[in-house]
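For this chain, numbers begin at 1 and follow the sequence in order.
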Amino acid sequence: MAGIGHNGGPSMESGRLWRTHAWRQAQKALMPEAIPMLVLRMRMRRAAELGMTYRTYAKVRQYSGQDILGLLFSSNALRIFGSGGEIAAPEARQIEQVKSATRLTLVHPPATPQAVLAVNQVLAAADRAPHLSDSWAQMRDRVQGLIHSQRLPASGVLIIGDAPLEADWAAAGRAAGYLPSAEYFAHQLG
């Protein structure tokens, strides 16, 4: 048993190389050598439906263990600035193309969720974004509240944001992951 000050790293006793080798072999045995072509095609089609690259989709799917059922955008990611609430044109064009996924947003002031929903028919639901001074529990409740209002599992929703603190929403809400808006919109806008 490790004592005080032990960092929990690997054991340095004899046999460490063998245990590492055995662990790696066990990991390889769990994963198929290659994904069947039919499955790969279905996943590539699904990535296109979600408006993202296959590489990004596969990374999120591997992390969460399930398909992406919803996309939760921050109003920063959608370039909603000011009280008008309208999504910037390039971003609006891309999210209009999203198929078979619920589109949600958490809105930063001065825009309001009601104003954003009124002018953006592509969004299913909106709520106020967590405030900087909110506790972790308040942030969790805000993020999960919006996701659960649409009857979605949190682990099936990908959060797309544009500010460093928005990355915390994924952990607080137990979401599928976090994706910077520059990465989500890059292949469509670039």
*Asks:* Of all heavy-atom pairs between S181 and I160, which one has the smallest distance, and what is that distance?
*Replies:* CA-CG2, 3.8 Å
*Asks:* Under 4.5 Å between side-chain heavy atoms, hopping through other hydrophobics if needed: is there a path connecting I87 to L106?
*Replies:* no
*Asks:* Backbone N or O of P180 within a donor-acceptor pair of the E183 side chain at under 3.5 Å?
*Replies:* no
*Asks:* What are the two closest non-hydrogen atoms of I35 and L40, and how far apart are they?
*Replies:* CG2-N, 3.8 Å
*Asks:* So, Y57 side chain and R43 main chain: donor-acceptor pair closer than 3.5 Å or not?
*Replies:* no
*Asks:* Which atoms form the tightest heavy-atom contact between A124 and L104, and what is the distance?
*Replies:* CB-CD2, 4.5 Å
*Asks:* So, Q144 side chain and A154 main chain: donor-acceptor pair closer than 3.5 Å or not?
*Replies:* no
*Asks:* Which heavy-atom pair separates P130 from H108 by the least distance, and what is that distance?
*Replies:* O-CE1, 4.4 Å
*Asks:* Between E166 and S74, is any side-chain donor less than 3.5 angstrom from a side-chain acceptor?
*Replies:* yes
*Asks:* What's the shortest heavy-atom distance between V122 and I95, and which atoms?
*Replies:* CG2-CD1, 3.6 Å
*Asks:* Backbone N or O of N76 within a donor-acceptor pair of the R79 side chain at under 3.5 Å?
*Replies:* yes
*Asks:* Mind listing the closest non-hydrogen atom pair of Q66 and L69 along with its distance?
*Replies:* NE2-CD1, 4.1 Å
*Asks:* Check whether N120 reaches the backbone of G85 with its side chain - one donor and one acceptor, N or O, closer than 3.5 Å.
*Replies:* yes
*Asks:* Starting at NE2 of H131, measure out to CD of Q138 and round the result to the nearest 0.5 Å.
*Replies:* 11.0 Å
*Asks:* Mark yes or no for whether R46, through its side chain, and I68, through its backbone, hold a donor-acceptor pair below 3.5 Å.
*Replies:* yes
